[in-house]
Amino acid sequence: MNFRSLEEFWAFYVTQHSKPATRRWHFVGTLASMLCLLYSLIFNWWFLVFVPVVGYGCAWYSHFFVEGNVPATFGHPFWSFLCDYKMFGLMLTGQMDREIKRLGKRPVLQGF
C-alpha cells in the first residue's frame with residue numbers, strides 16, 4: 001500500500017490496532033523499550049540490544065496472536081515507528097479512544 005502522508009498512514013495504522021489488547025501490548029512494549037534505553041544510557045550500554053527486542057517483541061506478539069494481522073512495520077518501518085509513539089502518547093493521556101472515534105472506528109469491546 002502506498003500512503004501519501006503520515007496522517008493517511010495513521011488512519012490505516014489505527015485500523016491495524018483495533019483491539020484494546022493489541023494497543024496495550026504496544027504500550028507495554030514501548031514503555032519497556034524506553035526503560036531499557038534509559039537503563040543502558042545510565043548503567044550498561046550493552047543493554048541497548050534489548051531496546052528493539054522488547055519493543056518489537058511485544059508489538060509483534062500482539063499482531064500475530066491478538067489482532068491476527070501482519071505488523072505494519074514490515075511494509076512501513078519508519079511511519080510505523082512514529083505512529084507507535086503517537087499511539088503511546090494518546091494512550092498515556094487517555095485520548096486514544098477519542099482518536100479511534102474521530103477516524104470513524106469503534107473500539108472492539110473485549111477483556112485484556
Side-chain angles (χ1 to χ4, degrees):
M1 297 176 122
N2 293 325
F3 299 97
R4 293 173 289 192
S5 67
L6 184 59
E7 185 61 30
E8 191 176 285
F9 181 77
W10 170 248
F12 167 74
Y13 185 87
V14 170
T15 67
Q16 299 302 292
H17 300 82
S18 66
K19 297 181 180 178
T22 303
R23 295 190 298 274
R24 287 184 195 122
W25 275 106
H26 274 66
F27 187 89
V28 168
T30 301
L31 180 60
S33 68
M34 290 174 168
L35 294 174
C36 287
L37 177 62
L38 183 62
Y39 182 87
S40 68
L41 294 174
I42 296 171
F43 298 108
N44 185 349
W45 68 274
W46 280 102
F47 217 73
L48 276 173
V49 75
F50 293 110
V51 172
V53 171
V54 170
Y56 286 115
C58 289
W60 291 354
Y61 170 85
S62 73
H63 283 287
F64 293 126
F65 298 106
V66 177
E67 194 74 36
N69 61 16
V70 176
T73 304
F74 294 171
H76 303 279
F78 183 68
W79 280 0
S80 293
F81 180 79
L82 293 177
C83 287
D84 188 58
Y85 278 89
K86 179 177 181 173
M87 184 170 67
F88 180 83
L90 290 172
M91 290 177 72
L92 192 62
T93 59
Q95 298 176 36
M96 189 61 197
D97 285 344
R98 186 172 60 180
E99 181 69 4
I100 291 167
K101 290 175 186 171
R102 181 188 75 82
L103 293 170
K105 312 295 183 276
R106 297 287 179 239
V108 176
L109 300 176
Q110 70 175 33
F112 188 84

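For this chain, numbers begin at 1 and follow the sequence in order. Computed from a predicted structure; not experimentally measured.
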Novice: In this structure, would Trp46 and Phe43 fall into the same cluster of hydrophobic residues linked by side-chain contacts under 4.5 Å?
Specialist: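 No, Trp46 does not connect to Phe43 through the hydrophobic network.
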
Novice: What are the two closest heavy atoms between Leu37 and Val51, and how far apart are they?
Specialist: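 For Leu37 versus Val51, the nearest heavy atoms are N-CG2, 3.6 Å.
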
Novice: Quick one: sort the His76 and Phe3 rings into parallel, tilted or perpendicular, breaks at 30° and 60°.
Specialist: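 Geometry flag for Phe3 against His76: perpendicular rings.
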
Novice: Does Leu82 share a hydrophobic cluster with Leu103, counting links as ILVMFWY side-chain heavy atoms below 4.5 Å and allowing steps through other members?
Specialist: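 The answer is yes; both residues are in one hydrophobic cluster.
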
Novice: Locate the shortest heavy-atom distance separating Val53 from Val49; write the atom from each residue and the value.
Specialist: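 Smallest interatomic distance, heavy atoms only, reads CG2-O, 3.3 Å.
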
Novice: What distance do Glu99 atom CD and Thr93 atom OG1 have between them, rounded to the nearest 0.5 Å?
Specialist: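 Answer for the CD-OG1 pair, Glu99 versus Thr93, is 10.0 Å.
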
Novice: Determine whether Trp25 and Lys19 make a side-chain contact, defined as any pair of heavy atoms from C-beta on separated by less than 4.5 Å.
Specialist: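 When only atoms from C-beta onward are counted, Lys19 and Trp25 do not touch, as no gap falls below 4.5 Å.
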
Novice: Give a yes or no on whether Val28 and Val54 share a hydrophobic cluster (residues Ile, Leu, Val, Met, Phe, Trp, Tyr; joining criterion: side-chain heavy atoms under 4.5 Å apart).
Specialist: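 As far as the 4.5 Å side-chain criterion goes, Val54 and Val28 are not connected within one cluster.
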
Novice: For the residue pair His17 and His63, establish whether any side-chain heavy-atom pair is separated by less than 4.5 Å.
Specialist: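 In short, these two side chains touch, coming nearer than 4.5 Å.
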
Novice: In terms of the angle between their ring planes, are Tyr13 and Phe9 parallel, tilted or perpendicular, with boundaries placed at 30° and 60°?
Specialist: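 Ring orientation of Tyr13 relative to Phe9: tilted.
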
Novice: Check this for me: Asn2, atom CG, are more than 12 non-hydrogen atoms of other residues, nucleotides or ligands nearer than 6.0 Å?
Specialist: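 No, CG of Asn2 has 12 or fewer neighbouring heavy atoms, counting only those of other groups under 6.0 Å.
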
Novice: Look at the side-chain heavy atoms of Ile, Leu, Val, Met, Phe, Trp and Tyr, link any pair under 4.5 Å apart, and say whether Phe64 and Tyr61 land in one connected group.
Specialist: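 Yes; tracing contacts between hydrophobic side chains, which count when under 4.5 Å, links both residues.
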
Novice: Salt bridge between Glu67 and Arg23, side-chain N to carboxylate O under 4.0 Å?
Specialist: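 Not counted as a salt bridge, because no side-chain N and carboxylate O are separated by less than 4.0 Å.
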
Novice: Walk me through whether Ile100 and Ser18 qualify under side chain to side chain contact (heavy atoms under 4.5 Å, CB included).
Specialist: CA-CA 8 Å; Ile100 291 167; Ser18 66; over 6 Å; no

Novice: Rounded at 0.5 Å granularity, tell me how far CE in Met91 sits from NE2 in His26.
Specialist: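 Answer rounded to 0.5 Å: 9.5 Å.
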
Novice: Just checking Phe81: does its CZ atom have more than 12 heavy atoms from other residues, nucleotides or ligands closer to it than 6.0 angstrom?
Specialist: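 Counting other residues, nucleotides and ligands, CZ of Phe81 stays at 12 neighbours or fewer.
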
Novice: For the residue pair Tyr85 and Ser33, what are the closest heavy atoms and their distance?
Specialist: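 In terms of heavy atoms, the two residues are closest at OH-OG, 4.1 Å.
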
Novice: How are the rings of Phe27 and Phe88 set relative to one another: parallel (under 30°), tilted (30 to 60°) or perpendicular (over 60°)?
Specialist: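 Parallel, since the angle between the ring planes stays under 30°.
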
Novice: With rounding to the nearest 0.5 Å, note down the distance linking OG in Ser62 to CG in Asn69.
Specialist: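 Going from OG on Ser62 over to CG on Asn69, the span is 8.0 Å.
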
Novice: Do Met87 and Trp10 come close enough that some side-chain heavy atom pair is under 4.5 Å?
Specialist: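 In short, these two side chains touch, coming nearer than 4.5 Å.
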
Novice: Enter the distance from Asp97:CG to Leu90:CG here, rounded to the nearest 0.5 Å.
Specialist: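 Output value for this atom pair is 10.5 Å.
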
Novice: Inspect the surroundings of CZ in Phe78 and state if more than 12 heavy atoms from other residues, nucleotides or ligands are less than 6.0 Å away.
Specialist: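 Count not over threshold, so no.
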
Novice: Could you give me the CA-CA distance, side-chain angles and deciding distance for Met96 and Val14, then say whether side chain to side chain contact (heavy atoms under 4.5 Å, CB included) is met?
Specialist: CA-CA 10 Å; Met96 189 61 197; Val14 170; 4.0 Å; yes

Novice: Answer with yes or no whether the hydrophobic clustering places Phe47 together with Leu35; edges join I, L, V, M, F, W, Y residues whose side-chain heavy atoms lie under 4.5 Å apart.
Specialist: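 In one cluster with Phe47: Leu35, no.
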
Novice: Is a side-chain N or O of Thr73 found less than 3.5 angstrom from the main chain of Ser80, in a donor-acceptor match?
Specialist: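 Not at all, since once roles are kept as given, no pair shorter than 3.5 Å links the two residues.
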
